[in-house]
2 protein chains.
Amino acid sequence: MEESLKLDHSECQNKIRPVRDALELLSGKWKLPIILSLWLGDKRFSEVSKEVNGITDRMLSKELRDLEINGLVKRVIHDSYPVVVEYTLTDYGKTLKPVIDALGIWGMAHRNRLMSEWKKNPTG
Amino acid sequence: MEESLKLDHSECQNKIRPVRDALELLSGKWKLPIILSLWLGDKRFSEVSKEVNGITDRMLSKELRDLEINGLVKRVIHDSYPVVVEYTLTDYGKTLKPVIDALGIWGMAHRNRLMSEWKKNPTG
DNA sequence: TATATTACTATACTGTTGTATAGTTTCTGT
DNA sequence: ACAGAAACTATACAACAGTATAGTAATATA
């Protein structure tokens with residue numbers, strides 16, 4: 001009995017871990033905007049910087065490195081003046097589509113729900 | 001041209017917002033463990049506390065309130081000795097299933113990928 | 001009266017995430 | 001020689017998420 005409870009619990013932990021992994025990979029203020037910016041096409045550092053409103057160089061650099069380490073983004077250096085660095089979403093990065101879609105669909109429904117609640121009772 | 005770029009950008013923002021909403025609702029150290037604990041059945045405060053390893057009362061209280069405000073969890077007070085409070089996942093909370101599944105599937109694939117990379121080059 | 005249980009709240013602290021601002025390197029046009 | 005651009009890095013700081021520890025209210029039992 002004790003034993004089976006523990007099994008259930010550790011099974012649950014095993015199920016939760018990959019969910020957390022995926023969540024952590026996407027969470028934070030800047031990862032999604034950066035990924036979506038690159039989804040529309042390869043970009044240089046300064047181009048992403050312009051497109052992702054409000055991000056500092058430091059954060060952009062850090063987040064791009066993070067995404068690169070996880071294999072979602074590839075960094076390509078062009079030997080030109082001035083050194084041009086292009087970032088591209090990898091095919092692997094694009095496998096995130098179903099995840100982002102699922103989040104988006106639920107998030108949309110949630111917004112609609114909150115809206116209709118507010119219509120029923122505007123003062124909250 | 002300028003105009004169409006701006007449109008693209010704001011459209012993109014509109015798409016990103018619900019994704020972020022959903023992400024924020026699930027992110028943090030404790031929300032997923034709590035949700036999954038309640039998925040297996042209604043629980044009292046102290047039962048969740050025992051099941052979700054390492055959480056403090058303060059965090060549990062805060063997160064449960066947060067989940068309640070977002071309509072994912074319902075708080076039911078039983079008038080008994082000592083006061084018993086039961087938390088249940090709402091039907092609405094259960095609509096998160098496809099989201100959590102999508103995260104879990106991707107996270108699992110990611111783990112496998114990292115494992116097979118490690119096998120190719122164990123020293124990193 | 002003292003102690004125990006449940007479901008919390010209060011206060012103070014730490015650690016991580018993100019911000020602000022400036023500096024570095026390499027190159028090139030003037 | 002100097003200014004300027006690209007792609008960063010360094011340092012210091014602020015804000016927020018989370019932790020540690022203790023305390024509270026209601027009720028019951030010894």
Side-chain angles (χ1 to χ4, degrees), chain A residues 16-17 19-38 41-70 72-89, chain B residues 16-17 19-38 41-70 72-89:
Chain A
I16 221 178
R17 220 167 296 156
V19 181
R20 296 179 71 87
D21 288 350
L23 214 47
E24 266 160 41
L25 234 125
L26 293 176
S27 68
K29 192 171 176 182
W30 302 113
K31 299 239 171 74
L32 267 177
I34 292 170
I35 289 170
L36 293 204
S37 162
L38 293 178
D42 305 352
K43 301 249 159 57
R44 290 160 57 184
F45 187 91
S46 51
E47 289 173 326
V48 181
S49 172
K50 261 172 240 157
E51 235 181 70
V52 177
N53 221 308
I55 195 168
T56 60
D57 284 357
R58 181 198 148 113
M59 270 295 117
L60 181 51
S61 170
K62 187 180 154 294
E63 299 289 59
L64 282 171
R65 205 179 319 131
D66 220 69
L67 293 169
E68 199 198 349
I69 286 168
N70 279 291
L72 305 179
V73 159
K74 197 176 172 192
R75 187 170 176 271
V76 185
I77 304 172
H78 296 282
D79 191 3
S80 64
Y81 156 73
V83 178
V84 163
V85 182
E86 254 198 349
Y87 293 88
T88 74
L89 250 203
Chain B
I16 222 177
R17 221 166 298 156
V19 182
R20 296 178 71 85
D21 288 350
L23 213 47
E24 266 160 43
L25 233 125
L26 293 176
S27 68
K29 190 171 177 183
W30 302 112
K31 299 237 171 76
L32 266 176
I34 292 170
I35 289 171
L36 294 205
S37 162
L38 293 179
D42 305 351
K43 301 250 158 58
R44 291 159 57 181
F45 188 91
S46 51
E47 288 172 326
V48 181
S49 171
K50 262 172 238 155
E51 234 181 71
V52 176
N53 219 310
I55 196 167
T56 59
D57 284 358
R58 181 198 149 114
M59 271 293 116
L60 181 52
S61 170
K62 188 182 155 292
E63 300 290 58
L64 282 171
R65 205 178 319 131
D66 220 71
L67 294 169
E68 198 199 350
I69 286 168
N70 279 290
L72 304 179
V73 159
K74 198 176 170 194
R75 187 170 177 272
V76 185
I77 303 173
H78 296 282
D79 192 3
S80 63
Y81 157 75
V83 179
V84 163
V85 183
E86 253 199 348
Y87 292 90
T88 74
L89 249 203

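Chain letters run A, B, ... following the sequence lines, proteins first, then strands; residues in each count from 1.
Every pair passing side chain to side chain donor-acceptor pair (under 3.5 Å) that includes a residue from residues 21-34 of chain B is listed here, sequence neighbours excluded: A:Arg111-B:Asp21.
Rounded to whole Å, the distance from CD on B:Glu47 to C1' on C:dC8 is 16 Å. The nearest whole Å value for the distance from the CG atom in B:Leu64 to the C1' atom in C:dA7 is 11 Å. Atoms NZ (A:Lys50) and P (D:dC8) sit 15 Å apart, rounded to a whole Å. In this entry the distance linking NZ of A:Lys43 with C1' of D:dA7 reads 17 Å, nearest Å. The interatomic distance linking A:Phe45 (CZ) with D:dA7 (P) rounds to 8 Å, in whole Å. Rounding to whole angstrom units, CG of residue A:Asp66 and P of D:dT9 are separated by 13 Å. In this structure, CD of A:Glu24 is placed 11 Å from P of D:dG18, rounded to the nearest angstrom. The distance between atom CD1 of B:Ile34 and atom P of C:dC8, rounded to the nearest whole Å, is 12 Å.
Neither OP1 nor OP2 of C:dT6 sits under 4.0 Å from any side-chain N or O of B:Tyr87. The shortest distance between the side-chain N/O atoms of B:Arg75 and the OP1/OP2 oxygens of C:dA7 is not below 4.0 Å. Phosphate proximity of D:dA7 to A:Ser46: present, with a side-chain N or O under 4.0 Å from OP1 or OP2. Listed pair B:Ser61 / C:dT9 meets the phosphate criterion, a side-chain N or O lying under 4.0 Å from OP1 or OP2.
Of all non-hydrogen atoms in A:Lys43 and A:Ser37, the two that sit nearest each other are NZ-O, 2.7 Å. Scanning both residues, B:Ile16 and A:Leu32, for their nearest heavy atoms gives CD1-C, 4.0 Å. Between A:Leu23 and B:Leu26, the shortest heavy-atom distance links the atoms CD2-O, 3.5 Å. The two atoms that bring A:Gly28 and B:Arg20 nearest to each other are O-NH2, 4.3 Å, heavy atoms only.
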For residues 54-64 of chain B, tabulate all N or O donor-acceptor pairs below 3.5 Å that involve a side-chain atom, not counting sequence neighbours.
{"unit_1": "B:Thr56", "atom_1": "OG1", "unit_2": "B:Met59", "atom_2": "N", "d": "3.3"}
{"unit_1": "B:Ser61", "atom_1": "OG", "unit_2": "B:Arg65", "atom_2": "NH2", "d": "3.2"}

Under a 4.0 Å heavy-atom criterion, the protein footprint on nucleotides 13-30 of chain C, written with B, S and -, is -----BBB------BS--

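By the 4.5 Å heavy-atom criterion applied to side chains, A:Leu89 and A:Val73 are counted as neighbours.
The C1' atoms of five pairs define one axis at each end of the helix from C:dT1-D:dA30 to C:dT30-D:dA1, and these two axes lie 30° apart (to 10°).
Looking at residues two or more places apart in sequence or on another chain, you find a side-chain hydrogen bond (donor to acceptor under 3.5 Å, both in side chains) between B:Arg75 and B:Tyr87. Taking the side-chain contact (heavy atoms from CB on, under 4.5 Å) definition, one finds that B:Asn70 meets it with A:His110, B:Leu25, B:Asp66, B:Leu72, sequence neighbours left out.
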